[in-house]
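Read the structure below first, then the notes.
Every chain is numbered from 1 and lettered A, B, ... according to where its sequence line falls, protein lines coming before strand lines.
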Amino acid sequence: MPELPDVAVYRKLLDATSLQRTIEQVSFSDSRILRGVSVRKFSDLLKGNRFERSLQHGKNLLVELSGGSPHVWLHFGMTGALHYLEKHEKEPAYTRCVFTFSGGDRLAVIDQRLLGKIGVVESPESFSREKGLGPHALGEEMNAERFIRILSGRKGMIKTALMNQSVIAGIGNIYADEILYQASIHPESDVRRLDEATLRDLHTVMKRVLRTAVEKGADAEKLPRDFLMPNRRAGTKCPRCRGSIEKIRVHGRGTYLCPRCQKRE
DNA sequence: TTCCATGTTCCGCA
DNA sequence: TTGCGGAACATGGA
């Protein structure tokens, strides 16, 4: 699930359970998830320290460590998640990495498909710069003017631009579809054909959709009824016009839309 | 068996 | 430089 709202939920979980607790042990049941640093070095870095505070940029979660410079970097790929386990609780399937705190409670990184990543970065600033990330989609600096400036002048399809992490950080395939559906914009619309008023509206819708999703714990079941997400199947009815939801392919990804509500521009 | 899946990255081409 | 399609990564469900 991990797009911006899902990562926000993991961050809240980490903040509520795992800050300021001494990390006694770090273990990997599959160290392929660890990138750019050895298991030995990674656990030496963490052991005896604490998670001080967390920070989110797009789909990335960065966690500052006590007593020093590096931050732990977590990216959840397509199937990653965080689980908090009390001492007696068993680790879920596909647990790849476990942080054990003194007392025995644990924070577990789950990732079935192993497309997620765990690593170490010097600072949030250098990380974002090196990755070339665009502004966090829900960041304060992402106001309407910035949004319009970033998008105007770009070529290509609007859905592709929204999902491009170096343009805007945090939106993936599911929420790109949701945002464009809510804004009544066809995902294949050429960005250059969207006028300023349309982009302004798209910005408002983007913030509203992402904020709503975060509030609802990124749980599709809890989203408003007029959202597309619970209806991501071809042939279901559009919650707004009762027309038929269509599935197409955009930039290699399955894309759902209502062709009646979303006209190509 | 084949296709598809919430992500990222690299390559070749236009 | 920008954008696109395809493939790769790794795993499992329909």
Side-chain angles (χ1 to χ4, degrees), chain A residues 1-11 28-36 56-62 73-82 92-97 109-119 121 127-128 130-134 136-137 149-181 187-194 206 209-210 212-214 216-223 227-235 246-257:
Chain A
M1 300 172 240
E3 298 185 34
L4 182 151
D6 311 275
V7 176
V9 170
Y10 304 150
R11 180 183 178 201
F28 289 88
S29 47
D30 195 322
S31 62
R32 284 176 296 176
I33 196 167
L34 188 63
R35 309 300 174 100
Q56 180 179 4
H57 189 161
K59 302 171 187 175
N60 302 280
L61 187 56
L62 300 176
W73 168 48
L74 300 170
H75 188 284
F76 298 94
M78 278 168 98
T79 55
L82 287 182
Y94 307 111
T95 296
R96 307 300 188 182
C97 174
V109 180
I110 319 301
D111 190 357
Q112 184 194 89
R113 285 173 62 187
L114 277 168
L115 295 171
K117 301 173 185 74
I118 299 176
V121 301
F127 169 79
S128 299
E130 280 161 28
K131 284 265 164 196
L133 292 179
H136 183 62
R149 203 181 330 126
I150 287 172
L151 285 178
S152 50
R154 287 194 73 85
K155 293 193 290 183
M157 295 184 277
I158 184 62
K159 178 171 178 182
T160 306
L162 287 182
M163 286 198 300
N164 185 338
Q165 301 304 298
S166 61
V167 176
I168 300 163
I171 300 169
N173 196 38
I174 300 268
Y175 284 97
D177 281 3
E178 186 66 57
I179 290 162
L180 292 169
Y181 170 75
E188 289 178 309
S189 296
D190 187 326
V191 178
R192 291 173 297 187
R193 294 184 65 87
L194 303 177
M206 172 186 82
V209 167
L210 295 176
T212 304
V214 173
K216 303 295 178 190
D219 183 344
E221 303 286 300
K222 296 191 178 123
L223 292 175
F227 268 48
L228 177 65
M229 266 176 77
N231 304 289
R232 270 184 81 82
R233 296 180 301 282
E246 181 183 45
K247 182 183 183 186
I248 61 174
R249 197 157 279 277
V250 176
H251 199 236
R253 315 302 302 274
T255 299
Y256 294 84
L257 73 149

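Here the closest heavy-atom approach between residue Ile174(A) and residue Glu3(A) is recorded as N-OE2, 2.9 Å. Considering every non-hydrogen atom in both Ile110(A) and Ala93(A), the closest pair reads CG2-O, 3.4 Å.
Distance check, rounded to the nearest 0.5 Å: OG1 of Thr212(A) to CZ of Phe227(A) gives 4.5 Å. Note that CD1 of Ile179(A) is 11.0 Å distant from CE of Met163(A), once rounded to the nearest 0.5 Å. The distance from atom CG of Leu228(A) to atom OH of Tyr175(A), rounded to the nearest 0.5 Å, is 11.5 Å. For the atom pair CG (Leu257(A)) and CG (Leu180(A)), the distance works out to 9.5 Å, reported to the nearest 0.5 Å.
Here the P atom of nucleotide dG7(B) and the CG atom of Asp177(A) are 10 Å apart, to the nearest Å. If you take CE of Met78(A) and P of dC4(B), they are 13 Å apart, rounded to a whole angstrom. One can place CD of Gln165(A) at 17 Å from C1' of dC10(B), the figure rounded to the nearest angstrom. When the P atom of dG3(C) is taken as reference, atom CG of Leu151(A) falls 10 Å away, rounded to whole Å. When the P atom of dT9(B) is taken as reference, atom CG of Asn164(A) falls 11 Å away, rounded to whole Å. Distance CD1 (Ile158(A)) to P (dC4(C)): 11 Å, rounded to an integer number of Å. Between the CE atom of Met157(A) and the C1' atom of dG3(C) there is a distance of 9 Å, given to the nearest Å. We find that CZ of Arg35(A) is positioned 16 Å from P of dG7(B), with the value rounded to whole Å.
Among the protein residues, Arg232(A) comes within range of the sugar-phosphate backbone only, with heavy atoms under 4.0 Å from sugar or phosphate atoms but none that close to a base. Among the atoms of the strands shown, none is found under 4.0 Å from any heavy atom of Gly252(A). Residue-level contact check: Met163(A) touches neither bases nor backbone, having no heavy atom under 4.0 Å from any strand. Backbone-only contact: Gly254(A) has heavy atoms under 4.0 Å from sugar-phosphate atoms and none from a base.
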- Message: Across nucleotides 9-14 of chain C, 5' to 3', mark each nucleotide with B, S or - according to how protein heavy atoms within less than 4.0 Å reach it.
- Response: BBBS--
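Distances shorter than 4.0 Å separate some side-chain N or O of Lys59(A) from OP1 or OP2 on dT8(B). Taking 4.0 angstrom as the limit, Lys247(A) places none of its side-chain polar atoms (N or O) nearer than this to OP1 or OP2 of dC3(B). When the side-chain nitrogen and oxygen atoms of Arg249(A) are compared with OP1 and OP2 of dC3(B), none of them lie within a distance under 4.0 Å. OP1 or OP2 of dC4(C) has not a single side-chain nitrogen or oxygen of Lys155(A) nearer than 4.0 Å.
For the pair Asn173(A) (side chain) and Gly254(A) (backbone), a donor-acceptor distance under 3.5 Å is present.
For Ile33(A), the side-chain contact (heavy atoms from CB on, under 4.5 Å) criterion is met by Phe28(A), Arg96(A), Val109(A), Asp111(A), Leu114(A), Ile118(A), not counting sequence neighbours.
The side chain of His75(A) has dG7(B) as its nearest neighbour among dC4(C), dG7(B), dG3(C).
Pairing for dA10(C) is absent, with no Watson-Crick or G-U wobble pair whose two atom distances lie under 3.5 Å. Pairing of dT1(B), defined by two Watson-Crick or G-U wobble distances under 3.5 Å, is not identified with any nucleotide.
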